[in-house]
Amino acid sequence: MMQNETEKIIDEKVQGTTLNLDNKKDNTRKLYIESYGCQMNFSDSEIVASILAKEGFNTTQELAEADLVLVNTCSIREKAEQTVRKRLEKFNAVKRVNPGMKVGVLGCMAERLKSKFLEEEKIVDMVVGPDAYKDLPNLIQEIDEGRNAVNVILSKDETYGDVAPVRLNSNGVTAFVSITRGCDNMCTFCVVPFTRGRERSRNPQSILEEVNDLWNKGFKEITLLGQNVDSYLWYGGGLKKDFEKATDMQKATSVNFAKLLEMVATAQPKMRIRFSTSNPQDMTLDVIDTMAKFENICKYIHLPVQSGSDRILKEMNRLHTRQEYFTLIDNIKARIPDCAISQDMITGFPTETEEDHQDTLSLMEYVKYDFGFMFAYSERPGTLAARKLEDDIPEDIKKRRLTEIINLQQEHALYRTQQHVGKVEEVLIEGTSKKSDAHWMGRNSQNTVVVFPKENYKVGDFVNVKINDCTSATLLGEAVELSKNN
Ligand code: SAH
Ligand code: F3S
């Protein structure tokens, strides 16, 4: 008991230091930054904090003492935008007691609404799109001088590869490393190609430097991030779509995602490597073979499918069929039998019939996903679906279908977690369990959460854990020994 108490205090100290590690003594202004939406936004906020650290800003967790409040926004569904607008109301209330506070919006809503944001939300002083963060020093000078500031220019080559991110709210163990920006896929429901621009890849050298640096700082797991990681292609810089125009030399020395994975896995053989997100139409067998070859690449693929109906997939401009998706799943399972797979699904896409919905349920039965992220269709202004198709599925039907797929996913998740019971699995400890101070929380290779009594292990240890029991979301076990991989 005493042992655990002491450990807990030490952990908190370690965490506190990690949080403030990058705050500089000479910095006098305070930045409060909040992120919504995808992992890429959280990663971008770390880039923004790094750029602003050089401008005299330290981050703070206290809204009321902030000189500058930044909110990194998401436009993926209408609800995400409403959440941000509600938050802005809260900032308004804080501004009454802290009138010097400036407010900036970053990310996808900034890109989508541009200067309209300034008219719609009086609290906002500054609007900055995802490719314009390096302009923040100038934009902040503008608002310091009492003017509003906007930069929403999208870029052909900005990857922020030369900015070393400040790790925000870090557990000191896991970190995101972005590898591509933008998306060229143009799924008809999706706002991302409009808000994040065309796809471009980051120099593999700068990715390796960041990964090595993270390892040297004690991090044990990284997630390579992109809207569509399988489409990664470095040929010296420039847009993915311009690859055809590259020289023969550039083509011959180009680096694709499978190669990048191999480079990262080889550079840091003890670092766990994850990646997200994979798009079925772009995932190659080479990537799966590379995953199978390296023990340190985690056996987990987030492989959104959106629908099980061929007709709907086509309407969504997802460039694969249901059968091709099954073939991909079969190939994954044949090469990596214990690979976990997760999905994103959308219910109630325009024209979706009961039969289409049944196709989604039967596709799920085939795959039996380990996890899932499921959404009711939300029409996004400017997308192809919004322009061409009527949002014609009534809200109650969208919701009912959503409930059905969520319930089925729950069953499959339990089926999958049960397969782990009785096994000994390697778990990387991320921190104390939310439910119990006496337990650690970590993940196995398949990304399933594992909870077990602390004993003498510590955050950042790889531990072999015997799995004794499970719920549909969590494995419960007990430590056997430290893994040889420490
Ligand atoms: N490739 C991206 C996908 C981003 S969007 C990635 O890195 O994750 C994440 C998920 O949101 C999509 O897979 C899709 O299931 C869902 N989504 C996107 N647009 C949506 C919309 N208009 N309505 C409902 N869900 C949507
Ligand atoms: Fe969106 Fe499709 Fe790209 S979901 S992010 S357009 S792969």
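Just so you know, ligand 1 is whichever comes first in the structure, and atom 1 is the first atom listed for that ligand. This chain uses plain numbering: 1 for the first residue, then up along the sequence.
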- Query: Is there a heavy atom of Arg196 sitting under 4.0 angstrom from any atom of ligand 2?
  - Reply: no

- Message: Would the distance check show the side chain of Tyr160 and the main-chain N or O of Tyr133 forming a donor-acceptor pair, the cut-off being under 3.5 Å?
- Response: yes

- Item | Ion pair Lys217/Glu210, N-O distance below 4.0 Å | no

- Gly226: numbered ligand 1 atoms lying under 4.0 Å from its heavy atoms: 7 (O)

- Message: Under 3.5 Å between any N/O of Asp344 and any N/O of ligand 1: does that happen in this structure?
- Response: yes

- Proximal atoms of ligand 1 relative to Gln227 (non-hydrogen, under 4.0 Å): 1 (N), 2 (C), 4 (C), 6 (C), 7 (O)

- So does Lys398 pair up with Asp391, basic N to acidic O under 4.0 Å? yes

- Any salt bridge between Arg181 and Asp44, counting N to O under 4.0 Å? yes

- Query: Checking Gln419 side chain against Tyr415 main chain: does a donor-acceptor pair fall under 3.5 Å?
  - Reply: yes

- Note on the structure: Looking only at protein heavy atoms, what sits closest to atom 11 (O) of ligand 1 is Arg77 NH1, 3.1 Å

- Query: Does Ala385 reach ligand 1, in the sense of a heavy atom lying below 4.0 Å from it?
  - Reply: no

- Note on the structure: Counting only protein N, O or S atoms and ignoring waters, those under 2.8 Å from atom 3 (Fe) of ligand 2 are Cys183 SG

- Salt bridge flag under 4.0 Å for residues Arg87 and Glu121: no

- In ligand 2, which numbered atoms sit nearer than 4.0 Å to a non-hydrogen atom of Phe189? 4 (S)

- What atoms of ligand 2 come within less than 4.0 Å of a heavy atom belonging to Arg318? 2 (Fe), 4 (S)

- Item | Heavy-atom gap Ile346 to ligand 1 smaller than 4.0 Å | yes

- Query: Would you call Glu81 and Arg112 a salt bridge, using N to O less than 4.0 angstrom?
  - Reply: yes

- Message: Given 3.5 Å as the limit, does a donor-acceptor pair link the side chain of Asn41 with the main chain of Cys38, or not?
- Response: no

- Could you find the nearest protein heavy atom to atom 5 (S) of ligand 1 and give me its residue, atom name and distance? Ile76 CD1, 3.3 Å

- Per-atom contacts of ligand 1 with Arg380, taking only distances under 4.0 Å to non-hydrogen atoms: 22 (N)

- Item | Identity and separation of the nearest protein heavy atom to atom 15 (O) of ligand 1 | Gln306 OE1, 2.6 Å

- Item | Criterion side-chain hydrogen bond (donor to acceptor under 3.5 Å, both in side chains) against Glu404, the qualifying member of Gln358, Gln409, His357 | His357

- Query: Salt bridge or not for Asp289 and Lys293, using N-O below 4.0 Å?
  - Reply: no

- Nearest to atom 7 (O) of ligand 1 by heavy atom, Asp391, Asn279, Thr347, Thr277: which? Thr277

- Item | Shortest protein contact, atom 21 (C) of ligand 1 (heavy atom only) | Ser378 O, 3.5 Å

- Salt-bridge test for Arg200 and Glu158: reply yes if a basic N is under 4.0 Å from a carboxylate O, no otherwise. no

- Query: Less than 3.5 Å between some nitrogen or oxygen of Phe189 and one of ligand 1, yes or no?
  - Reply: yes

- Message: Using a strict threshold of under 4.0 Å (side-chain N to carboxylate O), is an ion pair present between Glu221 and Arg443?
- Response: no

- Check ion pair Asp282-Lys240 (N to O, under 4.0 angstrom): no

- Task: Determine whether the side chain, the backbone, both or neither of Cys183 has a heavy atom under 4.0 Å from any heavy atom of ligand 1.
- Result: neither

- Pairing of Lys388 and Glu315 as salt bridge, 4.0 angstrom limit: no

